[in-house]
S.K.: 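Would you mind keeping the following structure in view while I ask a few things?
It should be emphasised that the depicted structure is a prediction, and the values quoted were computed from it without experimental measurement.
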Amino acid sequence: MAPRTALAPDPHGPGGRLQPLDDAGTPLGPPEAVPDLAAAVAAREAADRPRWVWAAADSAYAPLLPRLPDRLARCHDLRLVEPLLLAHEGRFGAPRSLGAAWSRLRGLPVPDDLPEPGLADADDGQDTLFAPDRLQLPPGADPLTAVVAVHAEQQRRIAAIADPAARQRFRLLAAAESAGALVAAEIAHDGLPWRTDVHDRLLTELLGPRPTVPGAQPRRLAELAVELQHALGAKPFNPDSHTQVLRAFAEAGIQLGSTRSWELKGIDHPAAALLIRYKELARIHVAHGWAWQDAWARGGRFRPEYVVGGVVSGRWASRGGGALQIPRILRRAVVADPGWLLVVADAAQLEPRVLAALSQDAGLARTAAGGDLYEALAVTAFQGDRDKAKLGLLGAMYGQTSGDIGPLLNTLRRRYPAAMGYVEAAARTGEDGGTVASRLGRVCPPATAAFLDLTEADTSGEAGGRTARARGRFTRNYVIQASAADWALALLAALRRRLHDLPAAGPADRPHLVFFQHDEVMVHTPANLADEVAAAVAEAAEEARRLVFGDTPVRFPLSTAVVDCYADAK
DNA sequence: TCACCGGGCGCC
DNA sequence: AAAGGGCGCCCGGTGA
């Protein structure tokens, strides 16, 4: 039996080709053409559970999902592993498609990556069956041959990482990133349960009835615009226009530096509160209102389009739909199907815990061994003032220097020298033009060429110094955010495997992931399995801790809720 | 008319 | 005095 199997779908039609591989990527047999790729994949999955090797999940896995009887356990996604390797090798930004990797391997001219498809592409009426081939292979190149060759090369490059521990962590990174590709495709396929009737009711309560003319302003927004105008004694103006708002306030004798809500909150005038409310409601209307519902939440499911590895830190991004920015108030619309429940789990205070584990600061690790890290920190170092403890630690992780934070940072530096030294070293590396990496080896992008050209005289000047400090804040935060993303990906992979292994009557009755947001996961599960799912999440978090951080006293507790409705989770 | 930019704010 | 990291999305405004 083959530990790995390369897979390449035919560009047209349901067939494809397969080839068994060993773990180094060496073929164990000849390529095999199959007329029904889904059936052939399902049969081999049942027999062997190989790690599937493909160019990219969106072209190789997503089209199979509707025709597969069950999920695939493992994959190696060349399109995701390639940029991880390139960055690790100091070649950040090189094209990452299968064709680009293949061309590099063959010494051919390397094609640029195609631009990411945007909303416009999804909306232009094109049949997705005829979407352009995104593999970027040179004419005449055989996709399966390229998949096999590029995979063997990636395995060789991973094996070439000199430090055994770093190599092992990078293997984990590649596996976790690839598991993310499976999860993202499956969430897009299954969708997050979304009650459009509840969403409608919320929108109507907030905005007034749905306008009958598409694009018309909802009643409540129109009313607020008029109330705002009257409160200022102004002529009609557009509250969506920054400049018009500033002018209207100025004419009423209120000088604003901006229209930001935090500035408005300090203005003692009825117009300020009206504008804040207008902006809140307008935001919901334009970003997650009726138009969004029509486009993204039809048929009782919201299908987010995640972009795995879309953020340099390894966080996921989303493409259209705003999956990672759903306003809290709309969580009311996320309701489990009848007989099902939602298990919602989020990692509590993930980033400071990651800092404690990364820096191996014994003192900070002690505060992170129990429940509320900020409370423990406050008791130890801030006379019980939890707000100060939280502010100080966040400031340390983000590189904040403004406000009254200096004394807090000094306290932290005194009490937790290893932790503070860790982030400050990362910041210095960035200020000096260097790169930093996550725990598992995701390397941050280099500074821009313009930055690297700055001389020491430049960076000790005002503008250059600002640029250098901005770069320092980025690398300072990167080591934490990216290592937190490592942990979250490992959690996701471990949880997905556990869910797959839970006993279920059939694939349709199996608990499945429906949402992922940086440090939070949601599983839609038959009600009778909810407790087992909650236990699986906790076990997955513990597994992720062990895999990513090894022997650390730091714990990564989850706050887990079993609910009917997302809004009740916390 | 279109592409791009920055403001502003949603989420972490 | 000000100097908080990462995104996506929509808007108005601007310049080609």
S.K.: Taking ring pair (Phe, Tyr, Trp, His ring centres under 6.0 Å) as the cut-off, I'd like each qualifying pair that reaches into residues 305-325 of chain A, sequence neighbours left out, listed once.
M.R.: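 Qualifying pairs, neighbours excluded: Y306(A)-W316(A), W316(A)-F516(A).
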
S.K.: Tell me whether the side-chain N/O atoms of N477(A) come closer than 4.0 Å to OP1 or OP2 in dG4(C).
M.R.: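 So the side chain of N477(A) is outside the cut-off, no N or O lying under 4.0 Å from OP1 or OP2 of dG4(C).
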
S.K.: Within this structure, what is the CD-to-P distance between E431(A) and dG4(C), rounded to whole angstrom?
M.R.: 14 Å

S.K.: Can you list, by residue number, the residues of residues 324-333 of chain A that have a non-hydrogen atom closer than 4.0 angstrom to DNA chain B?
M.R.: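 Close to the strand are L324(A), Q325(A), I326(A), P327(A), R328(A), R331(A).
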
S.K.: Quick check: are there more than 12 heavy atoms from other residues, nucleotides or ligands sitting under 6.0 Å from NZ of K388(A)?
M.R.: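 Counting neighbours around NZ of K388(A), 12 or fewer heavy atoms of other residues, nucleotides or ligands fall under 6.0 Å, so no.
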
S.K.: Under the ring-ring contact (aromatic ring centres under 6.0 Å, His included) test, which residues partner H242(A), sequence neighbours left out?
M.R.: none

S.K.: Counting only pairs under 3.5 Å, give me each side-chain donor-acceptor contact of residues 179-186 of chain A, with atom names and distances, residues two or more places apart or in other chains.
M.R.:
| from | atom 1 | to | atom 2 | distance (Å) |
| --- | --- | --- | --- | --- |
| E186(A) | OE1 | R496(A) | NE | 3.0 |
| E186(A) | OE2 | Y61(A) | OH | 2.6 |
| E186(A) | OE2 | R496(A) | NE | 3.4 |
| E186(A) | OE2 | R496(A) | NH2 | 2.6 |

S.K.: For H199(A), enumerate each residue passing the side-chain contact (heavy atoms from CB on, under 4.5 Å) test, keeping only those at least two apart in sequence or located in another chain.
M.R.: W194(A), L203(A), W292(A), Q293(A), L330(A), A333(A)

S.K.: Which residues, if any, of residues 409-424 of chain A bring a heavy atom under 4.0 Å of DNA chain C?
M.R.: none

S.K.: For A538(A), enumerate each residue passing the side-chain contact (heavy atoms from CB on, under 4.5 Å) test, keeping only those at least two apart in sequence or located in another chain.
M.R.: none

S.K.: Could you pull out all residues at least two apart from W487(A) that satisfy ring-ring contact (aromatic ring centres under 6.0 Å, His included)?
M.R.: F556(A)

S.K.: At under 4.0 Å between heavy atoms, how does the protein contact nucleotides 3-8 of chain B? Give one character per nucleotide, 5' to 3', with B, S or -.
M.R.: ----SB

S.K.: Among all residues two or more places apart in sequence or in another chain, which pass the salt bridge (charged side-chain N to carboxylate O under 4.0 Å, His left out) test with R298(A)?
M.R.: none

S.K.: Which pairs count as side chain to side chain donor-acceptor pair (under 3.5 Å) when at least one residue sits in residues 268-278 of chain A, sequence neighbours excluded?
M.R.: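 Passing the test, one end in residues 268-278 of chain A: Q217(A)-Y278(A), D240(A)-Y278(A), R277(A)-E280(A).
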
S.K.: Dot-bracket notation for DNA chain C is requested: 5' to 3', Watson-Crick or G-U wobble pairs only, both distances under 3.5 Å, with ( ), [ ], | and . as defined.
M.R.: ....||||||||||||

